[in-house]
Amino acid sequence: VPKSNQLGSHSFDIEIGDSLASLKHEFSLFVNDKPNIISVDSLSILVGDTLRHFFDASDMNGESNLIYSIKTTIDQLMFSGREGKLTWVPETTDLGLHTLEISVSDGFSLSTDTQKLKIFVYLPPTLINRPDSTAYANLQYTYSPKAYDMYKDSTHNQDIFITFVPEDSSFTGKYNPETNLLSWVPAVQDVGPQRLEFIIKDKYNTINHRFYDINVLISPCETLDTLYINTIDTIYIENESPVKQTNPIKTKSPFSPFP
C-alpha cells in the first residue's frame with residue numbers, strides 16, 4: 001500500500017528462477033494522488049456585478065495537468081476547463097440560489113473529485129419611503145420606514161428587519177423596532193443639519209444602509225426666551241428758528257390756578 005511520501009514513478013526488478021534457469025523482469029509503477037477541490041463551496045453575487053471565481057484543487061503529484069468540468073443550467077455563464085475559471089454576470093431573472101457541479105481530473109481514470117458549488121444571486125432590500133427632510137425645534141418629528149426584499153415581501157420583523165443608528169449619544173430621538181416608528185422632539189440646540197441612519201436587513205441576510213440629512217429649523221410659532229431692544233440714550237432736536245430764545249415760553253392751561 002503506497003504512502004503519501006511514495007508518490008510518483010517507481011522501478012522494480014523481479015527475478016524468477018528455478019533449478020535450471022532464471023528470468024529477470026523490469027517494470028515501472030506510478031503512484032498517483034487523487035486531486036481534491038479545496039476552493040469555497042458557496043458564493044453570493046449582487047445582480048449586475050461580475051462574478052469571477054477560480055477553482056482550486058490540491059494534487060500531491062504536482063506534475064499533473066488538472067482539467068475542470070462543470071454541469072449547470074445557467075445561461076450566459078463562461079467557464080474555462082484548463083484555468084478552472086468561472087465568469088458570470090447575473091440578471092434579475094437569475095435571483096435566488098443556483099447549484100453547479102464542478103469536477104476536476106488529473107487525467108487518470110477514476111481520479112476525479114466533485115464539488116457542488118452554491119451561488120446566491122441577490123438584490124439588497126429597498127427602502128420605499130423617505131423621511132421628511134425638515135424638522136422643527138420643540139415639535140414632534142416621526143418617521144416609519146417601509147421596505148421590501150428582492151421578492152417584494154415587506155412584512156416587518158418577518159421579511160424586513162430595521163435598525164436605527166443614532167448619529168451620536170446626544171441624539172434624543174427613539175426608534176421602536178416593534179412598532180417601526182422613530183419619534184423625536186428636536187431641541188433648540190439641535191437646530192441645523194442632522195443625519196439619520198438606518199440599517200435594513202432582510203430574511204436572506206442581505207443588508208442596505210441608508211442615510212438621510214435632516215434640517216432642523218426654529219418653528220415659526222416658537223417664542224424666544226429673550227427680547228433684545230436697542231435703546232437710544234440721547235435724542236437731539238435741532239431748532240430751525242434762527243432767533244435765539246433767552247426766555248423759554250411756558251405753556252399752561254387757561255384754567256390753571258397757578259400763575
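Nothing fancy with the numbering, it's 1 onward along the sequence.
Connection of Val188 to Val216 is established within a shared hydrophobic cluster, with ILVMFWY side chains joined at heavy-atom distances below 4.5 Å, either directly or through further cluster members. Phe79 and Phe54 are assigned to two separate hydrophobic clusters, defined by single-linkage of ILVMFWY side chains at heavy-atom distances under 4.5 Å. Residues Tyr143 and Leu139 do not share a hydrophobic cluster, clusters being chains of Ile/Leu/Val/Met/Phe/Trp/Tyr side chains in contact below 4.5 Å.
Across Leu66 and Ala57, no two heavy atoms sit closer than the pair CD1-CB, 3.9 Å. In plain terms, the two heavy atoms of Ile200 and Ala147 that are nearest each other are CG2-CB, 3.9 Å. Minimum heavy-atom separation, Phe198 to Leu196: CE1-CB, 4.0 Å. Residues Ala187 and Ala137 share a closest heavy-atom pair of O-CB, 3.9 Å.
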Side chains of residues 162-186: which donor-acceptor partners sit under 3.5 Å, not counting sequence neighbours?
from   : atom 1 : to     : atom 2 : distance (Å)
Glu167 : OE1    : Arg195 : N      : 3.2
Asp168 : OD1    : Ser170 : N      : 2.9
Asp168 : OD1    : Ser170 : OG     : 2.4
Asp168 : OD1    : Phe171 : N      : 3.4
Thr172 : OG1    : Trp184 : NE1    : 3.4
Tyr175 : OH     : Asn180 : OD1    : 2.5
Asn176 : OD1    : Glu178 : N      : 2.9
Asn176 : OD1    : Thr179 : N      : 3.4
Asn180 : ND2    : Pro145 : O      : 2.6
Ser183 : OG     : Gln140 : NE2    : 3.0

Could you tabulate the donor-acceptor pairs under 3.5 Å formed by side-chain atoms of residues 121-135, not counting sequence neighbours?
from   : atom 1 : to     : atom 2 : distance (Å)
Asn129 : OD1    : Lys146 : N      : 2.7
Asn129 : ND2    : Ser144 : O      : 2.9
Asp132 : OD1    : Thr134 : N      : 3.1

Determine all donor-acceptor pairs shorter than 3.5 Å in which one atom belongs to a side chain in residues 39-52; sequence neighbours excluded.
from  : atom 1 : to    : atom 2 : distance (Å)
Ser39 : OG     : Asp56 : N      : 3.4

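Residues that satisfy the salt bridge (charged side-chain N to carboxylate O under 4.0 Å, His left out) test with Asp94, not counting sequence neighbours, are absent from this structure. In this structure, the side chain to side chain contact (heavy atoms under 4.5 Å, CB included) partners of Ile74, at least two apart in sequence or on a different chain, are Thr72, Leu77, Trp88, His98, Leu100.
Within the structure, salt bridge (Lys or Arg N to Asp or Glu O under 4.0 Å) pairs that include any residue of residues 68-78 comprise Lys71-Glu101 (at least two apart or interchain).
Here CG of Asp149 is found 5.0 Å from CD1 of Ile160. Values are rounded to the nearest 0.5 Å. How far CD1 of Ile102 is from CD1 of Ile70: 3.5 Å, rounded to the nearest 0.5 Å. Distance check, rounded to the nearest 0.5 Å: OG of Ser103 to CD1 of Ile37 gives 6.5 Å. Here the OH atom belonging to Tyr148 is positioned 11.5 Å from the CG atom belonging to Asp153, to the nearest 0.5 angstrom. Between the CD1 atom of Ile199 and the NE2 atom of His209 there is a distance of 4.5 Å, given to the nearest 0.5 Å. Here the NZ atom belonging to Lys201 is positioned 14.0 Å from the CG atom belonging to Asp159, to the nearest 0.5 angstrom.
Heavy atoms from other residues, nucleotides or ligands lying under 6.0 Å from NZ of Lys203 number more than 12. Heavy atoms from other residues, nucleotides or ligands lying under 6.0 Å from CD of Glu91 number 12 at most.
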| request: Start with the C-alpha distance between His53 and Leu117, add both sets of side-chain angles, then the distance that settles side-chain contact (heavy atoms from CB on, under 4.5 Å), and finish with yes or no. | output: CA-CA 11 Å; His53 178 64; Leu117 175 67; 4.2 Å; yes
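Looking at Phe55 and Leu86, their side chains come closer than 4.5 Å, going by heavy atoms from C-beta outward.
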